[in-house]
Amino acid sequence: GSLSNLGAQPQSPAVSAYLVCADNDWDRPAALAAFEKARAALEKHGAPVSVARAHRGKDMNDLAREGIGA
């Protein structure tokens, strides 16, 4: 899903935790603030929220394009 829909996910008793893949937008304060707001909305469901970021590049798509183990 997209960032705009992250905080609007319906609560489900079948979900025990969330894993969110975030972009590396360190140079975009507005994007970081929007992500934190969406994450806070998701956390209100009561399940733990973990965030994964690509170890290089902008996002997980960059890793997939070059090969995850590269």
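Heavy-atom minimum distance, Ser16 versus Pro48: O-CD, 3.1 Å. The nearest pair of heavy atoms linking Ala31 to Asp25 is CB-OD2, 3.7 Å. Looking at every heavy atom in both residues, Ala47 comes nearest to Val15 through CB-O, 4.2 Å. When every heavy atom of Ala54 is checked against every heavy atom of Met60, the shortest pair comes out as N-CE, 3.8 Å.
With rounding to the nearest 0.5 Å, the separation of OH in Tyr18 from CZ in Arg39 is 14.5 Å.
Within 6.0 Å of atom NZ in Lys37, 12 or fewer heavy atoms from other residues, nucleotides or ligands are found, so the atom counts as exposed in its surroundings.
Hydrophobic cluster of Leu32: the remaining members, joined at side-chain heavy-atom separations below 4.5 Å, are Trp26, listed by chain and number.
When the side chain to side chain donor-acceptor pair (under 3.5 Å) test is applied to Asp62, the partners found at least two apart in sequence or on another chain are Arg65. Scored by the side chain to side chain contact (heavy atoms under 4.5 Å, CB included) test, Val20 finds Leu6, Phe35, Leu42, Val49 as partners (sequence neighbours excluded).
Without hydrogens or angle criteria, Arg53 side chain to Asp59 main chain gives no donor-acceptor distance under 3.5 Å.
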